[in-house]
Structures are given as C-alpha cells and as structure tokens.
Amino acid sequence: MESQVKEAQEKVVSAENPEITAPADWQPVIMGILCNWCSYAGSDLTGTSRIQYPPNIRIIRVPCSSRVDPWFIIKSLQTTADGVLISGCHPGDCHYISGNYYARRRFLVTKKLLNFVGYHENRVQFSWVSAAEGPKFAKVVAKVTEDIKKLGPLHRNKKENF
Amino acid sequence: MDYSKQIQEIASKLFTENKIDYFAGYRKNTFDDNQVPVLVTDPAEVPKLVFTDQSVFNLTNYLKPEHTKRKRVGIVVKGCDSRALNLLLTEKQVTRENLYIIGVCCEGILNEKGEKAQNCLECVMPDPVVYDEIIGTPTGKKEYQVNVDIKELAEKALSERADYFEEIFANCIRCNACRHSCPLCYCAKCCIDQETSSLYHGANTSSGAMHALMTWSLHLAGRCVDCRNCEKACPSHLPLHLLHKQNEKVIFENFQQHLAGMEKDDRGAFYKYSLSDPDDFIM
Amino acid sequence: MARVGVFVCFCGANIADFVDVPAVVAETRKITAVKYAIEYKYMCSDPGQQMIREAIVNQRLTSVVVAACSPRMHEKTFRKALTDAGMNPYLLEVANIREHSSWVHQKDKKAATEKAADLIRMAVAKSIANEQLHEISVPVTKRALVIGGGIAGIQAALDIADAHIPVTLVERSPSIGGRMAQLDETFPTLDCSQCILTPKMVDVASHPYIELIPYSEVIQLDGYVGNYKAKIKKKASYVNFSTCTGCGACTQKCPVKVPNEFNMNIDKRKAIYTPFPQAVPNKPVIDAEHCTMLLKGKCGICAKVCEKGSIDYKMVDEVIEREIGAVVVATGYDLWDPKPYEEYGVGRYKDVITSLEFERMVSASGPTNGLPLRPSDGKVPKNVVFIKCIGSRDEAKGIEYCSKICCMYTAKHAILLHHKVHDSHAYIFYMDIRAAGKGYEEFVKRAQTETAATYLRGRVSKIYKQGDKLIVRGEDAQIGQVVEVVADLVVLATAIVPYKENPALARLLGISYDKYGYMSEAHPKLRPVETAKAGIFLAGCTQAPKDIPDTVSQASACAAKVCGLFAGDTLKKDPMISKVNTEFCSGCQNCVGVCPYQAIVTEEIPLGHGSKEIRTVAKINEGVCQGCGSCVAVCRSMAISLAGFTDQQIINEIIAI
C-alpha cells in the first residue's frame with residue numbers, strides 16, 4: 001500500500017485523462033508562437049540580457065498575432081506540444097495597427113472551446129509582451145512551463161495525428 | 001401554425017408574373033409526417049407546398065448550389081433562416097435582387113414527440129429579419145438564453161468532459177454531411193480538404209474528427225444561427241449544437257452581445273473588434 | 001528532392017559555451033532532408049559566408065538553414081550570401097540558438113543542446129516549404145514630414161531641404177524654436193541660445209523647400225513607407241497671417257492677462273500674443289480659451305486697432321492633407337512636475353523653483369529682465385541652492401533614468417548666477433557630476449573655480465522656512481556631516497520627461513514607445529534614429545534625454561536616412577506579403593474589412609475556364625500589403641497565403657520536433 005502511494009506520488013497525472021501518467025521528472029514541450037515586432041523582439045531582449053528561463057519552450061515566429069489561426073493551437077496540442085503560449089503586442093501598439101484586436105477575439109473563443117471539449121484551460125495561454133519587456137517574457141515562460149508541468153502529458157497516442 | 005395556403009398563393013403569383021425561376025419551399029413526404037425541402041420550377045407543383053410546425057429545414061442552404069446561385073429564387077424563411085440569409089447577403093453569396101423572400105413569423109418547430117424543439121425553445125429571433133413579404137404576427141426579439149446542454153456540461157469535471165467529447169469525436173465518420181447541409185458553409189474547397197500536408201486528415205480517428213469539427217465550428221463562430229440543419233443531417237446523430245452554442249455563448253457574453261445575422265450588412269464576430277473586448281485572460 | 005544545408009555557428013563562445021555544437025551538428029545530420037551540415041566559429045564573418053556560398057554550389061542545396069543568433073540580427077546578411085551564390089535569398093531560414101537557447105539556458109547544457117537541435121529541426125522543416133520570392137518595387141513620394149519645430153525638427157528640416165527634398169514642418173505652438181528658445185546661454189560655450197537659434201529659424205521660414213505649418217498638429221497618418229498620407233489640423237489662429245504685419249498693436253491693447261507658459265508662468269501674456277519676441281512666424285495668435293470675444297462675444301479691441309484688418313473671429317480649424325514619403329518625429333521634452341517632493345516645499349514655498357524657471361529669469365528677454373529674483377518678495381537672491389537629480393535616478397518617483405543635461409546646466413546656472421549677481425554664492429547638492437561631452441568637464445571646472453560655487457556631495461532631506469529665508473538641510477557626504485544652508489532661492493534640477501501626448505502620437509503613427517513615453521528606436525546601438533516602422537525616424541529628446549549637440553547630430557542623421565530612402569525612383573519592398581488563390585476564394589469579402597491598410601479590393605474573374613459568366617474574388621494590392629497575415633487567418637477557405645509564413649511552413653515547424 002505504501003509503495004503504491006509512493007509510486008502515485010512520484011508520477012505526474014494528466015489533468016484531462018487520469019489514466020495517462022508520466023514520471024515525476026517529465027519535461028513538457030511548450031509551443032511558443034510569437035509576433036515578430038513585439039514578443040519575438042522581447043524574447044530576444046531576454047536573451048541579450050541573459051535572463052534565464054526553463055528550456056521547454058520552442059518558438060515559432062509569425063509577423064503578427066493576427067496570423068495565428070486556431071489550428072496552430074489545436075494541431076500543436078495534438079502532435080508535439082503539451083501546452084501552447086501565444087504572445088503579441090499590447091493592444092493599441094500592434095505594429096500592423098489592428099491585428100491583435102482581431103486576434104484576441106479568436107484567442108478567447110478558441111481557449112473557451114478547447115476547455116469545453118476537455119482541455120484544461122491552462123493548456124493554451126496568451127500574453128502581451130512588448131519589445132522592451134525582456135524580463136516579462138522570462139516570467140511568462142516560467143509560469144506557463146510550471147502550469148503545464150502540473151497538468152501532465154496530454155495524449156496517450158499522438159503518432160496518428162502527424 | 002399552418003401557412004400552407006398563403007405560401008401556395010404567393011408562389012403561384014410569382015410564377016404567373018414570371019418573377020422567379022425556382023421556388024424553394026417545403027413539401028410533405030409521402031409516407032410519414034416529415035417534410036422535405038423542394039425546389040419547384042413548374043407552377044403545377046405549387047399545390048404541394050406546405051408550411052407548418054414541421055417545416056424544420058433551413059432552406060437557404062439551397063441558395064448555395066451553382067444551379068440556383070444565379071437564378072431568381074422565391075424562398076420561405078423562418079426567423080433563424082432569415083438571419084442566415086442576412087449573412088449570405090453580406091458575404092455576397094447571393095444577390096438580393098434575385099430573391100423574393102417570404103418571411104414567416106415562426107411559432108416554433110415541433111419534434112417527433114410533439115414538443116417544441118430545443119433550439120426553438122431557446123430561440124432569440126422568431127421573426128424574419130429580411131423579407132419581401134411577411135406572414136404571421138411579429139413577436140419581437142427574445143432574451144438570450146444559454147443552451148441547457150452546455151450549461152450542464154460546463155459543470156462536469158474536466159476529465160468527464162474530455163471522455164464525453166472523445167466519444168463524440170470517435171463516432172464522426174467524416175462524411176461531411178454537416179458541411180453540406182449548413183447554409184453558411186459554401187467554400188469552393190473546404191480548408192479541411194486542401195492538400196497542406198500533415199494538417200488535416202480524412203481518416204476516421206477521434207483526433208482527426210476533433211480537429212475538423214473544432215475548426216468547422218470556429219469558422220461558423222459568430223455566423224451560426226442554430227438552425228440545426230447539421231444535426232439533422234449527421235448520420236451518427238452527433239450533438240453538433242454543443243460546439244456551436246458554446247461559441248455563440250462566449251461571443252454573446254464577451255463581444256457586445258453579438259448574435260449572428262441580426263442586422264443587415266452584419267458580418268460574423270471575428271471580422272470586427274471592439275476596443276473594449278476583454279483580454280484579462282491574456283497575461 | 002530537398003537538399004538542405006545547415007550551418008551551425010559557435011558565435012565565439014556565446015553559443016559554444018552553453019550548447020554542445022558538435023553534438024547538434026551530429027543530430028542534424030540524421031535528418032533525411034539535410035545533405036550537408038557543418039559548424040564554424042563565426043558564420044556571419046567573411047569566411048563563414050564563403051562556406052555557405054561554396055556549399056550552396058558544391059552540394060546543390062535547395063535551401064539553407066543558419067543556426068546562430070536571432071534572425072533579427074543577421075537574416076539580411078545571410079540572405080545576401082545566398083544571393084551571391086546564385087540562390088534565391090528567401091530560401092534561407094535562421095534558427096535562433098543564441099538568444100533563444102545558449103543565452104537563456106546557461107545552467108543546463110543538455111537541455112540547451114536539445115533545444116538547439118529542435119530549433120534546427122523546425123527551421124529545416126520550414127525551409128523545405130520556402131518558396132522563391134522576389135522583391136517588389138513601389139513608388140516613393142519625395143516629401144518629408146517633420147513633426148515638431150524645436151532644434152531637432154529645425155535641423156532635420158533644414159538638412160533634408162538642403163538636399164532639395166520638400167519638407168512639411170508641423171509645429172504645435174504658434175512659433176518654432178522649442179525649448180532652445182527658452183534658454184539664455186548654452187553649455188559648454190555660453191553661446192546665447194537665441195543668437196544661434198534664430199538664424200536657423202529664419203532659414204526655415206525662408207527656405208524654398210520648407211513648408212512651415214505652425215500652430216498645427218498631425219491628426220492622422222495612413223499608408224506605409226514612401227506612400228504615407230498625413231492629415232494635419234491647422235488650429236484657428238483668428239489672425240490672417242498673410243495680411244498681418246506683426247506690428248504688435250493688438251497685443252499691446254488686449255485687456256486679458258493669462259499666465260505666460262513660455263516664461264514658465266512667472267509673468268503674464270495677453271490673450272492675443274506671440275510667444276516670444278523672436279518668434280517665427282512673428283505673427284500673433286488668439287488663445288481661444290481666454291479671449292473674451294471668442295468666449296463671450298464682448299471686447300473686440302484687437303480687431304479695432306488692427307490697421308490691416310487681419311483679425312478674423314470667425315476662423316475655424318482647418319484640416320489639410322499631405323502625401324508624404326517619410327516622417328521625422330521631433331517632439332522634444334517636457335519638465336517633470338516636482339510636486340511629489342513635498343519635503344522640499346514644492347508648491348508651498350514660492351522661492352523653491354524649477355531650473356527652467358531660473359533659466360527664464362536669467363534670460364535677457366525674460367520676465368525679470370535677466371536678473372534672478374526671489375518670487376516671494378522680488379529681491380535679488382544672494383545665496384542660491386541648486387539641487388540636482390530631482391525625480392531623475394529615483395525609482396520611488398518612477399523615473400529610473402538620468403536626465404543627462406542637468407549636471408551641465410546646473411554648472412551653467414552657477415556661472416550665470418555669478419555673472420548676474422556678483423556677490424552671490426551658489427551651493428550645489430549633487431550625487432554625481434556627469435560631464436562627458438567635449439569641453440564639458442572643463443566647463444564644470446570653470447564653474448567650480450571661477451565662481452564661488454560650492455559643490456556638496458549629498459542629498460537634501462528637507463527644506464523649511466525661517467523668517468524670509470529657506471533652510472536647506474542636506475548631507476555633505478565627503479565630510480560625513482549634516483549641513484544646513486541658509487538660502488534665498490532654491491532651484492530644483494527637475495527631470496525631463498517626454499510630453500504626455502507622446503504615446504497617443506506613437507499610436508497614431510504606428511510606432512512603439514517605452515514605459516516612460518519615449519519613442520522606441522529600432523535598435524539602441526546600431527539604429528538609434530530609425531523606428532521599427534519603415535520610413536519613420538526619431539530626432540532629439542522624443543527618443544531619450546540628450547543635449548543640443550546630440551540632438552542636432554541625431555536630426556542630421558535622420559535627414560541622411562530620409563535622403564537615402566528617397567535616393568532612387570522606387571523603393572524595394574519586402575516580398576513577404578499575402579496573395580489570394582482565386583481558385584479557392586468564394587468572394588465573401590470578410591478579408592477586406594480586416595486589412596489595416598485597405599490593401600484588399602475585389603476583382604471580377606471568369607466563372608470557370610473559358611466561361612462568359614463572372615464571379616467576384618478578393619485581390620490584394622501587392623504595393624500596399626505589409627504582410628501581417630490578418631487576412632490569412634480570417635479566410636475560412638485558406639484561400640490567402642502569406643509568403644514566408646504559409647500554412648505549410650508553419651505546420652512543418654510544429655510537427656518537426
């Protein structure tokens with residue numbers, strides 16, 4: 001009984017499906033989609049300033065947060081990622097004037113829909129990071145990584161989705 | 001609710017005055033009480049036209065195909081149907097001058113058990129929002145109600161919901177009947193059928209269906225009028241309205257109480273924005 | 001058949017110290033599509049680029065991946081290497097393994113290495129779907145818009161105009177001149193500010209290539225580099241400038257007195273006024289918020305005394321449009337309000353003033369005829385205490401930066417005080433003395449030796465009244481003692497800040513700004529006058545605190561950038577723009593409204609091959625599209641694709657790891 005309890009405590013359980021577990025030192029993969037002008041530049045500043053953050057994130061560059069189609073999120077969660085972070089310019093500061101206004105509508109509906117069909121709401125997260133916010137980007141990545149670590153791995157068998 | 005006579009009179013007149021090439025309406029099928037859509041071209045067929053509380057199908061779907069798209073069509077629409085028509089007009093899929101719209105102030109459709117259908121109980125606009133001629137008495141816009149099924153599901157635990165939807169998606173056979181029956185799904189080549197490799201799969205996997213259905217519902221978000229054509233067409237009886245009503249709720253509650261197709265020249269919620277749209281969910 | 005070449009950079013020790021580069025290269029060689037993978041110390045160097053050029057030819061590469069620093073650094077450099085080797089430059093992808101791996105995961109070499117390998121996999125997968133793209137030429141309107149008529153705007157306008165390029169200079173106040181017009185003498189030369197400024201102001205007014213629009217504001221800017229459209233609101237001056245001779249009779253007779261903002265509210269001006277005697281244009285304007293005639297319909301004296309009949313109370317604001325190729329933003333600085341320093345008696349004691357107020361008093365044409373006077377009783381002060389770093393370098397006050405000019409102008413004030421009041425004594429409380437410019441250290445020495453200025457290193461804790469004097473209590477850290485100075489006047493070297501309208505202007509123009517409201521430059525070291533938006537440049541204190549020499553340099557640099565932009569007949573445009581596949585477009589036009597540049601229109605095409613019937617589809621103007629991808633994401637049919645960020649490229653990236 002004790003060893004069972006100990007075993008349970010040493011594993012991470014998937015928030016969506018308790019049957020799926022992983023060892024306690026499991027490392028999630030976070031797909032990061034950053035807009036070129038604000039968030040990607042901000043993440044570069046994080047690097048230039050040598051501010052450290054967890055290494056689980058993989059970054060895709062897009063010109064604007066408005067380029068992000070919901071399928072980027074769905075497909076990432078179905079294939080390679082345990083969590084997704086999307087980051088753009090602060091409202092009012094979009095390099096392309098209005099892109100992030102359209103994007104944030106899609107973000108909200110997509111996030112709620114994913115939660116509705118059975119994904120934990122922390123699986124996909126969003127941030128506004130400006131080109132000057134190097135420290136903020138590191139904080140955001142650290143938070144998202146921590147959240148996903150707690151949520152555990154997503155699917156049992158992802159190979160069929162590739 | 002029985003406006004069969006009025007519909008027949010109007011259709012007859014339109015044919016006599018040579019104002020239309022087709023009349024899109026309902027007729028009884030010959031072996032049970034169900035009604036089916038009919039595209040009448042011959043004035044002699046006009047007596048077959050009916051309109052009762054069994055006239056469920058959203059006929060604007062018949063404005064999509066090539067053979068009706070550029071012809072003059074007389075069409076019967078209920079409240080929800082007319083909202084879809086508004087969107088089709090804004091999205092330039094059909095020309096207003098080509099249409100003669102008979103708008104019916106709908107009192108609700110009854111299901112097989114004789115009860116009012118769920119979407120009619122929750123109906124927000126029974127009166128036609130665009131018409132050339134109106135039948136019945138308008139009762140005005142109703143207060144928005146959140147669909148009972150999604151309210152119930154929202155209260156369930158995450159893993160329960162995950163299992164429930166996994167089951168639903170596993171039963172989708174990827175027949176695409178939902179797309180074909182939805183009036184607002186008119187893309188020349190659906191994105192799901194395109195050849196961007198590794199993106200969408202036609203295979204009957206639960207995750208493939210999940211991706212396809214989620215994408216489809218997001219493309220209809222802010223445009224779906226809850227006519228339930230899709231659910232009626234689905235051979236697996238999937239509760240597709242769950243996805244659409246969920247998106248409708250989020251859009252209504254967060255984006256200026258937007259409801260699809262209520263106004264002339266309206267576009268879906270994703271094609272506009274407000275400076276006060278919420279973003280407290282964004283870090 | 002894809003043949004991808006991967007070039008992994010050590011970047012000296014920047015990458016190599018934290019990422020196992022040889023291991024990364026070995027992993028990369030396992031990718032089927034990668035036919036050539038190699039590492040080198042500095043890929044951006046000449047030999048590094050030579051390696052790439054040779055490999056493209058010898059290995060018959062179909063695309064190239066460089067794993068190095070951020071693409072925002074060297075994408076252009078490596079693209080050029082591809083071009084030189086005869087390969088389309090857009091077949092390049094950069095994997096950012098420095099800013100995104102080696103520099104941020106320094107404590108976990110294994111993880112950093114794995115991440116680098118993944119980032120390369122993503123770049124390789126993306127590059128396989130890259131298409132050959134070709135730059136587009138767009139026309140360029142050769143006119144510059146300069147926003148702000150201080151020394152920065154004046155210099156930029158003159159330099160651009162001297163290159164025979166028309167300039168429209170818009171200034172918010174009735175006259176150009178800005179802050180420099182308020183200064184008495186300038187450091188380190190003690191040049192009379194007006195004397196060196198006024199000739200430039202006159203040059204601006206008379207330059208054949210400069211259109212000066214005073215008392216106006218830019219209210220809208222549409223378009224993109226080389227093709228902007230500006231809307232400028234000309235505020236109603238109620239004076240017909242073309243007939244007015246500047247005789248000044250109206251100002252003399254006007255009965256209304258209003259605090260004079262040019263003199264820091266020390267004295268009053270009239271409701272109809274020119275801001276200062278050397279104003280350009282030297283024509284008065286009526287301050288609509290204080291004119292009795294405009295507010296109540298009574299008075300009208302100025303119209304009565306005007307011999308030319310130039311007063312027109314019926315004038316209204318006018319909006320004009322200009323077609324512009326480039327914009328220089330030169331909106332200058334404001335002075336921070338030192339109200340939070342309650343312990344210094346700001347606002348309570350009349351004799352605690354700001355540095356600009358002191359500057360106006362010592363100015364010959366100022367409100368006190370060039371003599372510093374105590375505001376409380378009008379007496380000439382003998383003991384004057386100057387306190388530096390008021391607001392600046394103070395996290396608690398929300399201003400972490402140094403205002404750069406205060407050490408120098410305080411030394412200047414000590415010298416000017418000595419010149420004006422021979423038996424005066426200046427006490428300067430300081431934290432540091434920043435005198436880095438040419439002749440600056442010598443100037444401060446001059447203040448210390450030629451005058452009776454006493455420099456006290458330490459902060460002031462409190463100022464309180466004693467009789468009609470002020471007691472300034474502070475620390476002399478060099479002797480480790482609290483000191484108290486009996487002062488007649490206290491001058492606070494207050495922080496300089498950007499105007500509070502800066503963020504609104506930035507949003508109007510579509511450029512970024514920082515947390516203080518300073519406009520953001522494209523790169524703090526290598527691109528200090530450009531912004532992230534092509535065609536919009538920054539000069540002067542709108543970007544950061546700086547003195548006059550640096551302001552003038554920056555303004556001339558902007559002019560050089562503008563001239564470079566206008567050098568050819570057309571501009572080369574980035575080809576990463578969107579395009580409609582008419583086969584899939586159903587003509588719903590939902591994309592049209594989403595485009596921030598109105599780049600999408602409709603066109604009619606045949607219904608099918610050889611058909612006589614037509615259908616309407618969307619069409620993107622390739623000259624206007626800026627490549628944001630807003631239309632791509634709203635197109636349900638996936639009929640629009642964005643070159644360089646296509647759906648195929650992105651899905652490749654997602655599934656690569």
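These numbers come from a predicted model, not from an experiment. Per chain, numbering begins at 1; letters A, B, ... match sequence-line order.
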Any chance you could measure His120(A), atom NE2, to Ser159(B), atom OG, to the nearest 0.5 Å? 10.5 Å

In this structure, CZ of Phe107(A) is separated from CD1 of Ile282(B) (nearest 0.5 Å) by 6.5 Å

With only heavy atoms counted, which part of [X] is less than 4.5 Å from chain A, the side chain, the backbone, both or neither?
X         : value
Phe169(B) : side chain
Ala269(B) : both
Asn254(B) : side chain
Ser217(B) : side chain
Leu243(B) : both
Lys272(B) : both

Quick check for you: among Ile74(A), Val129(A), Leu113(A), which has the greatest number of heavy-atom pairs under 4.5 Å with chain B? Leu113(A)

Might you confirm whether atom NZ of Lys264(B) has over 12 heavy atoms from other residues, nucleotides or ligands at distances under 6.0 Å? no

Are any non-hydrogen side-chain atoms of Phe281(B) and Lys111(A) less than 4.5 angstrom apart? yes

Cation over ring face, Arg105(A) and Phe255(B), 6.0 Å, 45°: yes

Verify ring pair (Phe, Tyr, Trp, His ring centres under 6.0 Å) between Phe116(A) and Phe165(B), making sure each step is shown before the conclusion. CA-CA 9 Å; Phe116(A) 184 67; Phe165(B) 276 100; 5.3 Å; yes

Donor-acceptor contact below 3.5 Å, side chain Lys75(A) vs main chain Leu199(B): yes

